[in-house]
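Handing you a structure now.
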Amino acid sequence: MPRMKKYPFREIEPKWQRYWEENRTFRAVEDASVPPEKRRYVLDMFPYPSAAGLHVGHPEGYTATDIYCRYLRMNGYNVLHPMGFDSFGLPAENYAVQTGTHPKATTEANIDRFREQIKSLGFSYDWDREVSTHRADYYKWTQWIFLKLWERDLAYVAEIPMWYCEALGTVLANEEVIATPEGPRSERGNHPVERRPLRQWMLKITEYADRLLEGLEDLDWPESIKAMQRNWIGRSEGANVTFPLADDAAERAAAAGLGEDERHIEVYTTRPDTLFGATYMVMAPEHAMVAALTTPEQANAVRGYVDATKLKSDLERTELSKEKTGVFTGSYAINPVNGAQIPIWISDYILASYGTGAIMAVPGHDERDWDFATAFDLPIVKVVARPDEDDPQAPLAAATPEYGVAVNSGQFDGKPTEQVKSEIIDWLESHGHGSRAVNYKLRDWIFSRQRYWGEPIPLVECDGEYYPIPEDQLPLTLPEVESYKPTGTGESPLAAVTEWVECDCPDGSGRRGRRETNTMPQWAGSCWYYLRYLDPANDRAFADREKIEYWMPVDLYVGGAEHAVLHLLYARFWHKVLYDIGVVNTDEPFLRLVNQGMILGENGVKMSKSLGNVINPDDIVSEYGADSMRVYEMFMGPLQQEKPWSTQGLTGVHRFLDRVWRLTERPLDETPADEELRRVLHKSIRKVGHDTGKLAFNTAISQMMILVNELYKHDGRPREVWEPLVRMLSPYAPHLAEELWEMMGNRSPVSLGAWPEFDEELTRDDQKEVVLQVNGKIRARLTVDAGTDRETLQRMAMEHERIAELTAGKQVVKVIAVPDKLVNVVVK
RNA sequence: GCGAGAGUGGUGAAAUUGGUAGACACGCCAGAUUUAGGAUCUGGUGCCGAAAGGCGUAAGGGUUCGAGUCCCUUCUCUCGCACCA
């Protein structure tokens with residue numbers, strides 16, 4: 001080995017990891033003497049323990065929060081910083097289907113590996129609080145929360161069309177279905193799939209839509225994430241409008257068994273102001289009234305279209321470039337504002353799940369309706385003119401969705417359409433043709449999975465009614481099954497465990513009942529894990545109220561942007577429900593959210609096995625050490641930014657730590673440091689502290705590098721500089737710092753020590769370089785005493801040889817002097 | 001199409017309120033040192049130019065004594081949503 005003395009991270013790192021563990025150095029205790037403003041809850045998104053182990057993206061966020069927590073502790077904060085595992089989920093179940101291995105065995109082996117990998121990076125978690133969502137003492141409370149939702153009528157059963165694959169005998173998620181020329185197929189095996197209505201548990205997240213929207217206002221989250229959530233919730237305001245059926249259509253509906261109050265079509269529109277321009281209607285092919293409204297002549301065409309739609313995936317249906325398709329039902333409706341008879345069509349561009357599943361089409365002022373009307377030669381009426389238009393009746397060349405001035409709209413003509421919008425709603429309401437309405441893109445949450453490896457839903461069905469399993473009988477544990485394979489009926493493998501499914505009805509009536517065999521989705525456990533960390537061993541409540549009060553809400557939550565919508569929306573929803581039933585103290589769980597940017601492969605593209613550019617953290621830790629890994633990942637660039645991995649960059653950081661280590665070859669000396677070194681030190685303490693506090697770790701590290709470089713320029717190793725350096729380094733490279741600290745003769749860990757203080761006086765330079773500009777161009781530089789006043793600076797500039805030369809014979813228009821910065825002489 | 005964000009050396013990136021662009025690091029070049037080889041140390045390194053000097057923060061325009069930073073226009077890229085009536 002060529003190197004003279006190598007920084008022995010292989011000995012140091014395990015040594016201190018053992019020390020922290022044995023001494024439970026980072027245990028968080030609810031110490032009442034710490035005032036609330038000195039408490040912080042810093043949370044990482046817990047990982048799914050996959051078989052592949054940790055990848056380099058995990059340590060990025062974890063290192064960031066770890067540095068921040070260590071910094072807070074050194075500044076006198078009581079910090080809660082826990083870690084756990086999101087351990088229910090599909091990969092373990094798929095593996096079980098293939099190999100017969102119990103998902104629990106796979107999962108727990110993976111957890112052990114993850115825990116070991118995480119510990120090898122020296123994070124300051126309070127491991128006494130570790131949770132795993134698949135453990136019965138955890139999911140007992142997931143089930144408990146589900147029952148609270150159920151009690152509040154926020155959980156219900158519905159028949160929902162799900163992708164079902166006959167050959168695989170199982171239900172598939174949208175992303176497991178691919179579009180092929182032969183129709184939708186399963187991603188696995190390429191078998192045909194179809195939509196089948198299946199019984200599902202649903203959660204009424206839509207009931208919380210407005211609060212989820214409003215709650216975003218005060219959160220310190222990235223604007224992009226808030227925008228995504230707003231978009232996902234998709235609130236819009238408009239009106240529901242009732243279109244009566246024309247006479248023969250009404251007769252047809254009556255013949256099909258529809259009551260008098262059902263013989264009309266209700267639509268939702270955000271543009272009631274364009275109602276006079278509605279020249280036809282379109283219903284989703286799945287609309288309940290399609291069959292009743294179809295005339296015999298159109299029956300074949302309609303049936304064919306409806307069947308074809310069933311085979312289309314959502315992706316195909318929403319393909320924008322696609323030509324509009326549709327079929328006329330043969331029936332007509334009446335436009336309530338002008339009595340016009342308008343045809344009723346069906347088309348797959350109308351979604352059954354949004355609004356009422358039917359629309360009034362206004363081709364003049366809606367691009368989609370324009371396309372459809374053009375394709376099928378349907379009439380187009382202009383009802384909105386531009387305010388500046390010379391001829392308001394001039395024909396339209398394309399749909400104009402903008403607001404303007406009403407035309408061809410009876411008594412509303414000439415009015416601004418924004419105003420008409422509200423007036424028409426009033427008119428509709430007073431004439432019984434409609435009412436104001438709000439709609440959301442957000443759908444209720446399909447909460448059941450036809451799978452084994454998830455939380456059992458704690459309900460029993462007796463004679464068609466559901467009864468909750470009493471709280472004192474929770475958890476309802478997963479039974480052992482003989483096979484993890486799908487049942488072939490679309491039910492979960494639990495359905496095959498007769499002795500588990502069949503049970504007494506919890507109502508005590510002595511009737512027999514059947515347990516719910518659907519399980520909860522993976523999101524369930526991650527909806528509330530941050531609460532369980534507060535009190536992980538509690539068997540009387542999900543967490544003690546005082547502990548909730550002590551720590552909540554989460555001050556900082558760090559994780560990947562891939563959870564921007566679903567996890568964060570679901571967790572917020574559950575939290576609000578828990579708030580409503582009075583068991584948590586805040587309306588929102590996560591005050592501040594930061595997304596770490598993805599780490600790309602060395603070639604600048606996403607890491608993936610197939611590209612062969614995956615970096616394994618274990619290799620980095622064994623070759624360069626955990627401290628190098630930590631400092632490098634933070635030095636790469638801003639936390640929030642996407643950035644490519646560079647092994648050469650890593651060696652640069654490793655070299656820096658090595659340089660720190662080699663300073664110990666110099667004897668520690670008690671003599672005061674040079675003035676110059678001391679100034680760099682105090683500036684460094686200020687900058688490193690400031691930057692660490694705002695998560696700007698890259699610049700904090702560069703400042704420590706500057707300090708170390710400065711130290712090398714001087715002789716000796718003054719304690720006055722060395723001690724604060726080791727303290728500052730300790731959140732970043734904690735193993736190295738602990739070792740250096742111990743070498744200085746300290747007995748207690750630097751991790752529990754104090755952050756160094758700086759002397760304001762020493763952070764200010766007494767000399768400043770001032771630039772002299774002529775017309776904004778730098779022409780000379782001067783070193784002056786700090787704080788030299790404007791007049792003096794101006795005089796010095798004008799007297800300067802070079803400036804005098806350049807301004808000679810010219811008229812000086814003005815001289816700007818900024819103390820400690822510059823003098824700008826403006827000449828003509 | 002809509003929404004959010006970003007464009008700075010060969011590379012990752014710095015740059016309180018508009019006030020010395022490129023800190024720190026990688027790479028590269030030169031040198032030193034060593035039982036030589038992925039170590040360490042010193043110096044150099046935005047571009048053009050021999051130099052003086054000029055030019056430089058995606059492009060163009062504007063405000064200003066002064067713009068990477070503020071305003072307008074355009075282009076490119078990334079991410080998210082995408083027939084939501």
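Here is the naming used below: chain letters follow the sequence lines, and residue numbers restart at 1 for every chain.
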(message) I want to confirm an ordering. Mapping His690(A) and Lys821(A) to their closest nucleotides on RNA chain B, which one lands closer to the 5' end?
(response) His690(A)
(request) Find the runs of at least 3 consecutive base pairs, i with j, i+1 with j-1 and so on, that include RNA chain B, using Watson-Crick or G-U wobble geometry with both distances under 3.5 Å. (result) B:1-7 with B:75-81, B:10-12 with B:24-26, B:27-32 with B:40-45, B:46-48 with B:53-55, B:58-62 with B:70-74
(request) For nucleotides rG12(B) and rU73(B), find the distance between their P atoms and express it as a whole number of Å. (result) 30 Å
(request) For nucleotides rU63(B) and rU69(B), find the distance between their P atoms and express it as a whole number of Å. (result) 15 Å
(request) Check whether any side-chain N or O of Arg779(A) sits under 4.0 Å from OP1 or OP2 of rG54(B), and answer yes or no. (result) yes
(message) For a quick check under 3.5 Å, do Gln640(A) and Asn595(A) share a side-chain donor-acceptor pair by atom type?
(response) no
(request) Would you indicate which nucleotide in rC65(B), rA85(B), rG12(B) comes nearest to any side-chain atom of Pro644(A)? (result) rG12(B)
(request) Determine the contact category for Asn824(A): base if any of its heavy atoms lies under 4.0 Å from a base atom, sugar-phosphate if only primed atoms, P, OP1 or OP2 are that close, otherwise nothing. (result) base
(request) Would you mind reading off the distance between Leu657(A) atom CG and rU40(B) atom P, rounded to a whole angstrom? (result) 13 Å
(request) Measure the distance from NZ on Lys324(A) to C1' on rA85(B) and round it to the nearest whole Å. (result) 11 Å
(request) Check Ser422(A) against Arg436(A) and note the closest heavy-atom contact, atom names and distance. (result) O-NH2, 3.8 Å
(request) Pick the P atom in rU11(B) and in rA58(B), then give their distance to the nearest Å. (result) 14 Å
(message) Once you apply a heavy-atom cut-off of 4.0 Å, does Val826(A) come out as touching a base, just sugar-phosphate, or nothing?
(response) sugar-phosphate
(message) Base, sugar-phosphate or nothing for Glu367(A)? Non-hydrogen atoms, less than 4.0 Å.
(response) nothing
(request) Using atom CD of Gln641(A) as one end and atom C1' of rU8(B) as the other, report the distance to the nearest whole Å. (result) 12 Å
(request) Give the rounded distance in Å between these two atoms: CE of Met634(A) and C1' of rA13(B). (result) 15 Å
(request) Specify the separation, in whole Å, of atom CE of Met228(A) and atom C1' of rG3(B). (result) 10 Å
(request) Go through the structure and list residues passing salt bridge (Lys or Arg N to Asp or Glu O under 4.0 Å) with Lys777(A), not counting sequence neighbours. (result) none
(message) Can you classify the ring geometry of Phe376(A) versus Phe372(A) as parallel (below 30°), tilted (30 to 60°) or perpendicular (above 60°)?
(response) tilted
(message) Base contacts versus sugar-phosphate-only contacts with protein, heavy atoms under 4.0 Å: please encode nucleotides 21-30 of chain B as B, S and - from 5' to 3'.
(response) S-BBSSS---
(request) Kindly say if Lys777(A) contacts the phosphate of rG66(B), meaning a side-chain N or O under 4.0 Å from OP1 or OP2. (result) no
(request) Using the P atom on both, measure rA6(B) against rC72(B) and round to a whole Å. (result) 15 Å
(message) With hydrogens left out and only the distance checked, is there a donor-acceptor pair under 3.5 Å joining Lys441(A)'s side chain and the base of rC81(B)?
(response) no
(request) List in chain and number order the residues that pass salt bridge (Lys or Arg N to Asp or Glu O under 4.0 Å) with Lys204(A), two or more places apart in sequence or in another chain; answer none if no residue qualifies. (result) none
(message) Can you measure Leu566(A) atom CG to rC81(B) atom C1' for me and round it to whole angstrom units?
(response) 13 Å
(message) Tell me which residues in residues 593-605 of chain A lie within less than 4.0 Å of RNA chain B, going by non-hydrogen atoms.
(response) none
(request) Decide if atom CG of Asp619(A) counts as having more than 12 heavy atoms of other residues, nucleotides or ligands within a radius under 6.0 Å. (result) yes
(request) Looking at every strand, decide which applies to Pro638(A) at a 4.0 Å heavy-atom threshold: base, sugar-phosphate, or nothing. (result) sugar-phosphate
(request) Inspect the contact between Asp210(A) and Arg235(A) and indicate whether a charged nitrogen and a carboxylate oxygen are less than 4.0 angstrom apart. (result) yes
(message) One thing to verify: whether Glu633(A) and Arg630(A) come together as a salt bridge, which I'm taking to mean a side-chain N less than 4.0 angstrom from a carboxylate O.
(response) no
(message) Using the P atom as the point on both nucleotides, what is the distance between rA13(B) and rG18(B), in whole Å?
(response) 25 Å
(request) Taking atom CH2 of Trp232(A) as the centre, report whether more than 12 heavy atoms of other residues, nucleotides or ligands fall under 6.0 Å from it. (result) no
(message) Taking 4.0 Å as the cut-off, does a side-chain nitrogen or oxygen of Arg662(A) come that near to OP1 or OP2 on rC41(B)?
(response) yes
(message) Can you check the distance between rG22(B) and rA15(B), where both ends of the measurement are the C1' atom (answer in whole Å)?
(response) 8 Å
(message) On the six-membered ring of Tyr349(A), is Lys324(A) placed so that its NZ or CZ lies under 6.0 angstrom from the centre and within 45° of the ring axis?
(response) yes
(request) Hey, which sits more toward the 5' end of RNA chain B by its nearest nucleotide, Asn775(A) or Lys768(A)? (result) Lys768(A)
(request) May I ask you to evaluate whether Lys643(A) reaches the phosphate of rG12(B), defined as a side-chain N or O under 4.0 Å from OP1 or OP2? (result) no
(message) Please report the distance separating the C1' of rA39(B) from the corresponding atom of rU33(B), rounded so that it comes out in whole Å.
(response) 11 Å
(request) Provide the full list of side chain to side chain donor-acceptor pair (under 3.5 Å) pairs with a residue in residues 814-826 of chain A, sequence neighbours left out, each pair given once. (result) none
(request) Kindly label the base of rG9(B) as syn or anti, based on whether its glycosidic torsion lies within 90° of 0. (result) syn
(request) Specify the separation, in whole Å, of atom OH of Tyr349(A) and atom P of rG1(B). (result) 21 Å
(message) Check this for me: does any side-chain nitrogen of one of Lys643(A) and Glu60(A) sit under 4.0 Å from a carboxylate oxygen of the other?
(response) yes
(request) Determine the contact category for Arg802(A): base if any of its heavy atoms lies under 4.0 Å from a base atom, sugar-phosphate if only primed atoms, P, OP1 or OP2 are that close, otherwise nothing. (result) sugar-phosphate
(message) Below 30° counts as parallel, above 60° as perpendicular, anything between as tilted: where do the rings of Tyr268(A) and Tyr354(A) land?
(response) perpendicular
(request) Measure the distance from OH on Tyr354(A) to P on rA85(B) and round it to the nearest whole Å. (result) 3 Å
(message) Would you measure the distance from the P atom in rC47(B) across to the matching atom in rU42(B) and give it in whole Å?
(response) 23 Å
(request) Flag this pair as yes if the NZ/CZ of Arg662(A) is under 6.0 angstrom from the six-membered ring centre of Tyr7(A) and inside a 45 degree cone about the axis; otherwise no. (result) no
